Asks: 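Dumping the structure here so I can ask a few things about it.
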Amino acid sequence: MIIYKTEEEIDIMREAALVVSRTLGKVAEEIGPGVTPRFLDTMAEEYIRSQKAIPGFLGLYGCPSTLLISVNEQVVHGLPTDRPFQEGDVVSVDCGAILDGFYGDHAYTFEIGEVAPEVKKLLEVTKECLYLGIEQCTTANRLEDIGWAIQTHAEKHGYGVVRDLVGHGLGRALHEDPQVPNYGRRGRGKKIQNGLTIAIEPMINMGTEKVEQLDDNWTIVTQDGLPSAHFEHDVAVVDGKPVILSTFDFIEEALAKKKK
Ligand code: MG
Ligand code: MG
């Protein structure tokens, strides 16, 4: 059952999303060659708690960390380790927080130092997929229009669209109805209505769409070992149109500052 939110609830969800956005901004300031996933995880937990919020993933389904950090061929759900990032890695950092009973959940894929041009392109296209999916979140459309837009753009570039993991409804639970796949058929699925709140999160692989899980029972990797990218925003439908509750602004400001 889809739980549609009031405008007041959406306002709280925006605040929850922004806690995550600012946390990812902190990650952006620190991430680089030689930095460890575990360092970022500890920092993120401390920052979230300093904002009077609660880490959203820690303890949920037995998750041992605040961040899920997935490097290169890892698609999502990578557990923070002590292995330092290396020049040329791409690193998806996914973060959740609970504020006043509502979840924020979003993710960004970072480049460590100089990244191969074809990997850079994968990240660019995946981010474009995210915004193309968001554009479809209007009350004139149906749910599968989101996945259709994402899939069409990704496959145009020859990339694999992960099928086994999907976006989702978001609210007082991290995973609510509906499921929001990154593939779909134009004009299919439930009609999109005002008050819908969802996390849209394309997971796009350079090669095959097929993924498998490592023995840690968490980390999802591409079957062919080629890199994967992941970007996620929280979106509400208000007055017939999509409103993005999260923002990459803090990340992009931090990254621009580091370049100088
Ligand atoms: Mg997420
Ligand atoms: Mg999510």
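What you see is a predicted model; the values in this text were computed from it and never measured. Both counts, for ligands and for their atoms, begin at 1 and track the order of listing. This chain uses plain numbering: 1 for the first residue, then up along the sequence.
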Asks: Please name the atom of Asp94, restricted to N, O or S, that is closest to the Mg ion (ligand 1).
Replies: OD1
Asks: Between Glu176, Gln179, Glu201, which is the residue that forms a side-chain hydrogen bond (donor to acceptor under 3.5 Å, both in side chains) with His168?
Replies: Glu201
Asks: For the Mg ion (ligand 2), does an N/O/S atom of His106 lie at less than 2.8 Å?
Replies: no
Asks: For the residue pair Ser228 / Asn205, report whether a side-chain donor-acceptor contact shorter than 3.5 Å exists.
Replies: yes
Asks: Please check if any side-chain donor atom of Arg186 sits under 3.5 Å from a side-chain acceptor atom of Gln136, or the reverse.
Replies: yes
Asks: Can you tell me, to 10 degrees, how wide the angle at the Mg ion (ligand 1) is between OD1 on Asp105 and OE1 on Glu232?
Replies: 100°
Asks: Would one find an N, O or S atom of Glu201, in either backbone or side chain, under 2.8 Å from the Mg ion (ligand 2)?
Replies: yes
Asks: What class does the angle between the rings of His233 and Tyr131 fall in, given that below 30° is parallel, 30 to 60° is tilted and above 60° is perpendicular?
Replies: perpendicular
